[in-house]
Amino acid sequence: MPTAPTRAYGQFCGVARALELIGERWSLLIIRDLVLGAKRYDELQAGLPKIPPSILSARLNELEATGVIRRRVRAELEAGLVYELTQYGSELDHILLDLGLWGARSLHAPGADDVFTLDAAILSLYTTFRAECAEGVQINFEIRYDDRMIVHALVEDGAVKVGEGRFPGAELVIKAVHGAALLDLMSGQLTAPTALRSGKITIEGELSDLELFAQLFHVPAAPEPATGIVVR
């Protein structure tokens, strides 16, 4: 496999090589946005508004050179050139979801300039879904983030399918002021009744279904940081 210009760690180690391939700044976020499907350059740029165009181009070239992504022409699009994950790159999907859940355990209130994208909203539901709690469960959720962004999650017997947009006939419609409000519910910092009383979340449907949502989509608590030197 060709080697892209990148920082080398000088280690004969799979972890070191993985970081050489995808560990540069922005690389994993580009991969995150391609996990859900092919995108044009301008779509990637819209989902990563703080990335300089020169860096986006460099990262795309590097990821292509190492076989993680590829360019493809889609005739049905006006701007037919899209970027997509290769078979090798698509093997990162579960790794990315596990990493996302690990990181979500340390998420706090978003900063004033923090961006919450549609792709991040969709992947957050895949990341936090607990299949073992969904066996025999069939329910459809619609989640609205301040009515600017809407996604839906269809749960059926241990599996989930998440997509963009409204879902007519959803058993529960959740309206969250922002992503952090839903995170508080999913992490257990807010119970379903408390979330409703606070006004951070409103629903169209039954409270019991909101409680079920919090069981199905869950962010475990992060351990408290150790202080001092651990003596065993």
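Position 1 is the first residue of the sequence; numbering continues from there.
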Next on the checklist: If you compare all heavy atoms of Glu20 against all heavy atoms of Ala8, which two are closest, and at what distance to 0.1 Å?
Outcome noted: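 Heavy atoms only, the tightest pair is OE2-CA, 3.4 Å.
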
Between [X] and [Y], is there a donor-acceptor pair closer than 3.5 Å when you use the side chain of the first and the backbone of the second?
X: Thr117; Y: Gly47; value: no
X: His152; Y: Phe141; value: no
X: Glu171; Y: Asn140; value: yes
X: Arg59; Y: Arg25; value: yes

Checklist entry - Any chain of hydrophobic side-chain contacts (each under 4.5 Å) joining Leu44 to Leu96? => result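 Yes.
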
Item to check | Identified side chain to side chain contact (heavy atoms under 4.5 Å, CB included) counterpart of Phe217 within the set Ile143, Val155, Thr127 | outcome: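 For Phe217, the side chain to side chain contact (heavy atoms under 4.5 Å, CB included) test succeeds with only one of Ile143, Val155, Thr127, which is Val155.
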
Checklist entry - Is Glu64 paired with Arg70 through a side-chain N to carboxylate O contact shorter than 4.0 Å? => result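 Salt bridge flag = no for Glu64 with Arg70.
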
Item to check | side chain to side chain contact (heavy atoms under 4.5 Å, CB included) between Leu48 and Ile30, worked out | outcome: CA-CA 8 Å; Leu48 301 167; Ile30 292 170; 3.8 Å; yes

Checklist entry - Hey, mind stepping through Lys39 and Asp119 against salt bridge (Lys or Arg N to Asp or Glu O under 4.0 Å) and telling me if it holds? => result CA-CA 12 Å; Lys39 286 185 171 60; Asp119 282 352; 3.0 Å; yes

Next on the checklist: I need the full list of ring pair (Phe, Tyr, Trp, His ring centres under 6.0 Å) pairs touching residues 184-211, with sequence neighbours left out, sorted by first then second residue.
Outcome noted: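 For residues 184-211, and leaving out neighbouring residues, there are no ring pair (Phe, Tyr, Trp, His ring centres under 6.0 Å) pairs at all.
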
Checklist entry - Once you round to the nearest 0.5 Å, how far does NZ of Lys200 lie from OG1 of Thr194? => result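 Taking NZ in Lys200 and OG1 in Thr194, the distance rounds to 10.5 Å.
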
Checklist entry - When rounded to the nearest 0.5 angstrom, what is the spacing between CZ in Phe167 and CD in Glu142? => result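 One gets 9.5 Å once the value is rounded to the nearest 0.5 Å.
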
Next on the checklist: Going by the rule side chain to side chain donor-acceptor pair (under 3.5 Å), which residues pair with Arg32 if we only count those two or more places apart in sequence or in a different chain?
Outcome noted: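 By the side chain to side chain donor-acceptor pair (under 3.5 Å) rule, Arg32 matches no residue at all.
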
